[in-house]
Structures are given as structure tokens and as C-alpha cells.
Amino acid sequence: MEEIQQAVNRTIQETFNVDLSAELTRTQEQFGDYATNVAMQLAGRLQKPPREIAESLAAALRESLSDTVRDVSVAGPGFINIALSDQALVAMANAAPTNKPTTFKDQVVVAEYSDPNPFKVLHAGHIYTSVVGAAISNIIAAAGGEVHRVNFGGDVGLHVGKTMWAVLQELGGENPEKLQEIPSERHAEWMAACYVAGTNAYEDDEAAKAVIIDLNKRVYQLFADNDHDSPFAQIYWTCRQWSYDYFDEFYARIGTPFEKYYPESEVSTLGINTVREQLVKGVYKESDGAVVFEGEPYGLHTRVFINSQGLPTYEAKDVGLIMQKWQDYHFDRSVVITGNEQAQYMAVVLKSIEQFKPELTQATTHLTHGLVKLQGGVKMSSRKGNILRAVDVLDAANEANKAATGRDDEQAILGAVKYAFLRPRIGADIIYDPAESVSLEGNSGPYLQYAHARARSVLRKGQAQADGAIADLDAAERSLARKIGEYPEVVKKAVDDLLPHHICTYLYELAQAFNRFYEHAKVVGDPREATRLRLVTLYADVLKDGLGLLGITAPEQL
RNA sequence: GCGCCCGUAGCUCAGUGGAUUAGAGUACUUGGCUUCGAACCAAGGGGUCGCAAGUUCGAAUCUUGCCGGGCGUACCA
């Protein structure tokens, strides 16, 4: 593609003495393989009819690209359509499984996502953000980045006070030894129930509310005193560990493990110190007893970093987190993935850091996604416990899959759920329908897994013939080869935009192209077997590679 | 009020560095398995691209203004 693009640029330069970078787009197969509209762009500057410009460019390109191009034609108001030769198409297809962009070559990248709070339950949104974050991390890694996947969460704060309140009720006071009576497989659900009880008490019971506020302060004090031994400390640390065990287990299950957790407690001191330091230098200001950053000069709003009681808010903690990540990794790029309700909040935090560490914010990218809603547009409400938990999403997928296939298949339901979450472009809220996600038909994860398994099955029958050279292509083969060769361009686009859904769109089109090919092209036993086996191999490899970027497995057989 | 995100077929979504006739899936109606895995393929109906102006040879895409939805807007995260 780049070769052709350069040839077009060179031709424009030579023919019209104009420096212009031509944009090459993929076009419908009936028109060719690539198209460009430079002739229309040039029409104004050259004061010539676009078709005339297109004709002379096309003629020159036919000459200079005679090795790689089958035909260069002019269509409509002045589009130049370029059809590749079979050899060029085959060369691109051959390179497709391994040809990756080098956008992040030799760069250290920190990817932060998921960010659940200890002492709370993982909900559907956590699967979504984890799956999206993992896919983006995979894409960056494919482009050469050294990716460190990290996770940030609140091990201190009011929600901890709420949970601890109910925990103490359950234990009948500060009796850490009673925790041992809770079997390990019930830890997560027990703590989730405690959080719900604590939240309800906080809202309904004034006395409890006061206790919870006090417990919150006591938790902060544990860190100030480095207290691991008092009964209260033992309960806190044990429950905190239960949370991290539960997170680890869940991430392992869905295949999105993390290298490091950054608990809030570990970054808040750095955050508060940094903010105080910069308060003296005038970056932050005191206002009504709190420390704030005034965003209005930058079109943002003012936010509190240290509250009037001297405690750090999330803003100061995030300052600490970013500083800590910098100290730990000296990253070239830091990608933070959160819900879009944090978009403007993060803009303020980053703008404030830009005042004293501009190199750090320049290297930071904040990507935001929407909420997970259920089919029918019902929003998942937080608190109270009437939420869709992460396991509920997987259970629903499992139920639906079982109803359709009659068996349990963890890889199938993970493939289904992940694909359902990755298919839409990041940004808007997503509507999740468990039944549709595990559907065996249409644009779904199982369709792609099936399409892969089917190809591998053909290859098993075709034995080891699959590395033969391809000489020429018939129409069905050409369509498939064309689609396979597009893969590197799609990955490049996904990397440039940091948008994994481009890969979903492509893989589905690829699988469709294969299924059409398969429909009327016999592979094993056909005179063209060698060529076709080679194409099927490339197809299956690309499909597997693409699913891998999405974090979806591609089983050899289903 | 101000700011950010979003609005494409009944439903769920691609397409938004401008481009050839706006595409998929699903649902509905049909056709195709004695043949490499039919979880597949093919055909059909279904769209004022929220509305209106503007820029252009050309706008779902860019600009402006409206309408509708979500979120944010100082001591929550």
C-alpha cells in the first residue's frame, strides 16, 4: 500500500509539480483494490477538470506501477481506481499474518484500566472496561510496545468505611479470628453483601452513618500508624487481601491479568505532597479551606484536590498515581481507560499537572467509554446491590450458550461476551444482550470461532500441503486473498486510533469472505488444492491473530 | 446556564481523515446439505442518516443554530 501511495505522490509531483500526499482508500472489489480522489483535490489548484487530471495520472501510474498493478482506471467525477496484480495481492496476503505496524516500537507503555475498588463487587462495567483495556493493550503490544498493565483502586475511602461497618456487625465487634469461619469461596459474596448493608445503613440510619464516617478515618489512620496488628487492622488487611484475591481470580478467568495494582493508599501521600509543593508555586490555590485547581482559564472547571479537612480527594490521588507510574516506568506513553463520566475530571487533573510536568501529560492519553446497559436501555444502577455483577454477565452468557448448544463452554462464552463488548466503537454507551452475544449466528464471537475451526478442519484434511506457492488466482480465490491482505492496514488503523472495534469489523468481513469462498470453491481434492490450502492457512492464521488481539481464543475445533 | 459524549433500518451496530448506488447482523419472506464442519451461503422487502440552514463539483461525514438522550459542573469516585 505504501509503495503505491508513494508512487502516486511521485507521479503528482512529476506530472503537475505539486507536493501533495495522496490518500489511498480501500474500495469495493468491483472498482478495484484502492482508490484515490486526488484528482478532485487537484482540480481547484490546477484549474483543470478533475477527469482530465485523473486520466493523465492514471496513464502515468499504469507505466510506473506495471509490476504491481493490473489496471488503473478513472471513474465517475475523477476517482482513480487501482486494481492490483495477482502477484501483488498474493504477496500482501502472504505477509498478512506477520506484518505489524511499528508505531510503538521500543516504547514503554503503561496501560491502566478496569480500576475496581477493593471492598466492593465487580460489576458488568468492569468486564467491559477490562476487555476493552486488554484489547487496546494487545494492539499496542502488537505494534511493538512494551506494555505494562496496571490497575488502580480505592482501598481507602467512604466505601471502605461502609463495608467495614457491616463487617464489624457480622463479626460481632472487632474479632478478626471470626473471619476464619467464613469459607474462602464465600469471601467475595460475603464482602459484597457487607458493602450493600453498609451502604443502606449509611443512608437510612443516622447513628450508623456517624460510625461509618469514623471508621473511614480510622482506616486512613491505619496507614498513618503503619498498623497491621490491632484487631481492627487485622480485619481491614484481611478483607483487603480477600478483595485482591477475588480480583486476581476473576481477571485470570477472563484472561485479563494485571502486572500491578496501585492501591489508592500507596499513592495518596505522593499526591498530597505534590499538590502541596505546587500550591506554594501557585499551580494550585487555596479556596474556602480547600486546595483547588482553577480550570476556568483553560475552559475547564475548578476542582478540589485536597479538601478542607486536609484529606486528599480523588484528584490528588490521581496526581500521585500519575507521578508514581512515571517513577516506576518512565513511560513513553501512558494510556488510561475509564468511563466517560471522568472525561472532564481527568482533563482538569492533567491540565494541573501540565503546569509543572508537561512532559508527563503530553505522554498521557485518556480514553473513555460509555456505560453498559441492558437490552431495553435499562441502566445499571450502582449501590443497593441491584446491579448486574460481572459474574451475572458470564452466567447469563453461559445459560444462553447452554440452551443453544447443550454444553458448557467457557471459551465460547468468553469469546461471545468479549466480542459483544468490543464490536461497537468506544465512546457511546453499549447495550448488552446476553442472548444475542452468544448467538451462534451472525456477527458474533462464536461465528468467528466457528469460522476458524472450520478452516482448521479443512487444513487437517489437506495435511501438509499448506505451504505451497500461489501462482495465479481465480475469482473466488482473489476475493479471499484481497481480504486477507487488508489485515495489516486494519491493525495499523486500530493502533493509530486505539480503537479495537476496527478489528472486529474486519474479522467479520474476513470470515464472511472465507465462507463465501468456501461455498463454491472445493479445497481438498481439487486441482487447485495447493493454492487453496495456502489461502486457507493464511486466512486461519490472520483470523487467529486478530482474535488474539481482541483477547479471544481461536480453538482448533469446537 | 455552561461544558463533554451521543442520535444511521423495528432492534443492535459499521461507515464520521468528504466521494462511485448509505452497509452489516438480527427479525420477517424465500431458495440451497448423498459432496472438505449448513454455527454456513444466496435472494427479497425494510432508511426524511434527529431537524434546519451554510460551505462544496459532491455532506451521514465539515460549520452554525435548534431538538432529544446520557454524563459532568468544589470538597464522591
Side-chain angles (χ1 to χ4, degrees), chain A residues 23 25 27-28 30-31 35-37 40-41 43-44 49-50 75-79 81 115 117 153-154 157-159 264 287-295 299-309 311 313-315 317-318 338-345 347-348 368-371 373 375-377 379 382 404-405 412 420 423-425 427-433 436-437 439-444 446-451 453-462 496-497 501-502 504-505 508-509 511-512 514-516 518-526 529 532 536 557-558:
Chain A
E23 184 188 320
T25 55
T27 187
Q28 292 174 54
Q30 52 176 312
F31 300 123
T36 180
N37 60 4
M40 274 91 90
Q41 290 177 41
F79 296 102
N81 291 324
D115 297 350
N117 283 328
L158 196 57
H159 64 283
E264 258 181 46
S287 173
D288 295 339
V291 179
V292 305
F293 179 78
E294 293 175 343
L300 305 168
H301 46 251
T302 295
R303 297 198 65 113
V304 171
F305 282 63
I306 300 173
N307 70 22
S308 47
Q309 293 169 44
L311 290 175
T313 60
Y314 217 89
E315 285 81 344
K317 293 167 186 169
D318 241 321
T338 73
N340 51 23
E341 75 279 1
Q342 294 193 22
Q344 290 161 289
Y345 152 81
V348 175
T368 63
H369 53 69
L371 267 41
K373 294 180 178 176
Q375 166 64 349
K379 189 169 68 173
S382 58
T405 65
R423 190 160 69 95
R425 184 190 195 89
D429 291 345
I430 73 159
I431 313 290
Y432 179 69
D433 180 343
E436 193 185 300
S437 82
S439 162
L440 305 175
E441 291 155 16
N443 194 349
S444 66
Y447 173 98
L448 296 178
Q449 288 177 322
Y450 176 75
R454 192 149 79 139
R456 294 293 180 201
S457 169
V458 172
L459 292 172
R460 278 193 294 276
K461 292 203 167 55
D496 290 345
D497 299 349
H501 82 283
H502 290 312
C504 294
T505 304
Y508 181 65
E509 289 169 3
Q512 270 189 321
F514 171 75
N515 283 330
R516 281 177 196 139
Y518 184 83
E519 196 66 21
H520 34 254
K522 173 110 177 141
V523 178
V524 178
D526 190 270
E529 177 173 316
R532 290 180 178 173
V536 174
Q557 49 194 313
L558 303 180

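Naming: A, B, ... by sequence-line order, numbering from 1 per chain. Computed from a prediction, not measured in an experiment: that's the story for all the values here.
Residue A:T27 is classed as a base contact, given a heavy-atom separation below 4.0 Å to a base. A:N515 comes within contact range of the sugar-phosphate backbone alone, with a heavy-atom separation under 4.0 Å but no base atom that close. Across all strands shown, A:A412 has no heavy atoms under 4.0 Å from either base or sugar-phosphate atoms. Using a 4.0 Å heavy-atom distance criterion, A:T25 is classed as making no nucleic acid contact. Across all strands, A:E264 comes closer than 4.0 Å only to sugar-phosphate atoms, never to a base (heavy-atom distances). At a threshold of 4.0 angstrom between heavy atoms, the contacts of A:G154 with the nucleic acid are absent. Using a 4.0 Å heavy-atom criterion, one finds that A:D115 contacts no nucleic acid atom at all. Among the atoms of the strands shown, none is found under 4.0 Å from any heavy atom of A:A455. Among the heavy atoms of the strands lying under 4.0 Å from A:T505 are primed sugar atoms or P, OP1, OP2 only; no base atom is included. Nucleic acid contact for A:A347: none, since no nucleic acid atom lies under 4.0 Å from a heavy atom of the residue. Using a 4.0 Å heavy-atom criterion, one finds that A:N81 contacts the bases of the nucleic acid, with or without backbone contacts as well. Within 4.0 Å of A:G76, counting heavy atoms only, lies no atom of the nucleic acid at all. Looking at heavy-atom distances under 4.0 Å, A:T313 makes contact with sugar-phosphate atoms alone, never a base. In this structure, A:H501 reaches the sugar-phosphate backbone alone: every heavy-atom distance under 4.0 Å involves primed, P, OP1 or OP2 atoms, never a base.
Across B:U21 and B:U8, the matching P atoms stand 24 Å from one another, rounded to whole Å.
Regarding contacts with the backbone of B:G3, every side-chain N or O of A:Y345 stays at 4.0 angstrom or more from both OP1 and OP2. At the phosphate of B:A38, OP1 or OP2 sits under 4.0 Å from a side-chain N or O atom of A:R454. At the phosphate of B:C6, neither OP1 nor OP2 sits under 4.0 Å from any side-chain N or O atom of A:R425. Residue A:K317 has a polar side-chain atom (N or O) positioned under 4.0 Å from OP1 or OP2 of B:A77. A close approach under 4.0 Å does occur between a side-chain nitrogen or oxygen of A:K461 and OP1 or OP2 of B:G37. A:Q512 has a side-chain polar atom (N or O) that falls below the 4.0 Å cut-off from OP1 or OP2 of B:G25.
Both stacking criteria are satisfied for A:F79 over the base of B:U20: a centre-to-centre distance under 5.5 angstrom and an angle between ring planes under 30 degrees. Stacking is not found between A:Y314 and the pyrimidine-like six-membered ring of the B:C76 base under the 5.5 Å centre-distance and 30° plane-angle cut-offs. In this structure, A:Y518 does not pack face-to-face on the six-membered ring of B:C41, missing the 5.5 Å centre cutoff or the 30° plane limit.
Within the 4.5 Å cutoff, no side-chain heavy atoms of A:I430 are placed close to those of A:K373. Looking at heavy atoms from C-beta onward, A:N443 lies in side-chain contact with A:R423 at the 4.5 angstrom threshold. Considering only heavy atoms from C-beta on, A:L558 comes within 4.5 Å of A:Y450 through its side chain. Residues A:V304 and A:F293 have side chains not in contact (no heavy-atom distance under 4.5 Å, counting atoms from C-beta outward).
With both pairing distances under 3.5 Å, B:C62 is matched to B:G54 as a Watson-Crick or G-U wobble pair. Pair assignment for B:U29 gives B:A43, based on Watson-Crick or G-U wobble hydrogen-bonding distances that are each under 3.5 Å.
Along RNA chain B, the nucleotide closest to A:A290 and the one closest to A:N443 are compared, and the more 5′ of them pairs with A:N443. With the nearest nucleotide of RNA chain B identified for both A:Y508 and A:S308, A:Y508 has the one nearer the 5' end.
Separating the CG atom of A:D318 from the C1' atom of B:C76 is a distance of 14 Å, rounded to the nearest angstrom. Per the geometry, CZ belonging to A:R303 stands 10 Å off P belonging to B:A77, to the nearest Å. Taking atom CG on A:N340 and atom C1' on B:C4, their separation rounds to 9 Å, with Å as the unit. The OH atom of A:Y432 sits 17 Å away from the P atom of B:U26 (whole-angstrom rounding). One interatomic measurement links the two molecules: CZ of A:R423 to C1' of B:G25, which rounds to 6 Å at whole-angstrom precision. Here the P atom of nucleotide B:A19 and the CG atom of A:N37 are 8 Å apart, to the nearest Å. Rounding to whole angstrom units, CZ of residue A:R516 and C1' of B:C41 are separated by 9 Å. The nearest whole Å value for the distance from the CD atom in A:E441 to the P atom in B:G37 is 20 Å.
In this model, a donor atom of one side chain and an acceptor atom of the other lie less than 3.5 Å apart for A:Q41 and A:N37. A:D497 and A:H502 are linked by a side-chain donor-acceptor pair at a separation below 3.5 angstrom, with hydrogens and angles left out of the test.
Judged by distance alone, with hydrogens and angles left aside, the side-chain atoms of A:Y518 form no donor-acceptor pair with the main-chain N or O of A:A451 at under 3.5 Å.
Between the base of B:G3 and the side chain of A:Q344 there is a donor-acceptor pair shorter than 3.5 Å.
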Under-3.5 Å N/O pairs linking protein and nucleotides 30-33 of chain B:
{"unit_1": "B:G32", "atom_1": "N2", "unit_2": "A:E519", "atom_2": "OE2", "d": "3.2"}

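The side chain of A:Y450 lies closest to B:G37, out of B:G37, B:U20, B:C40.
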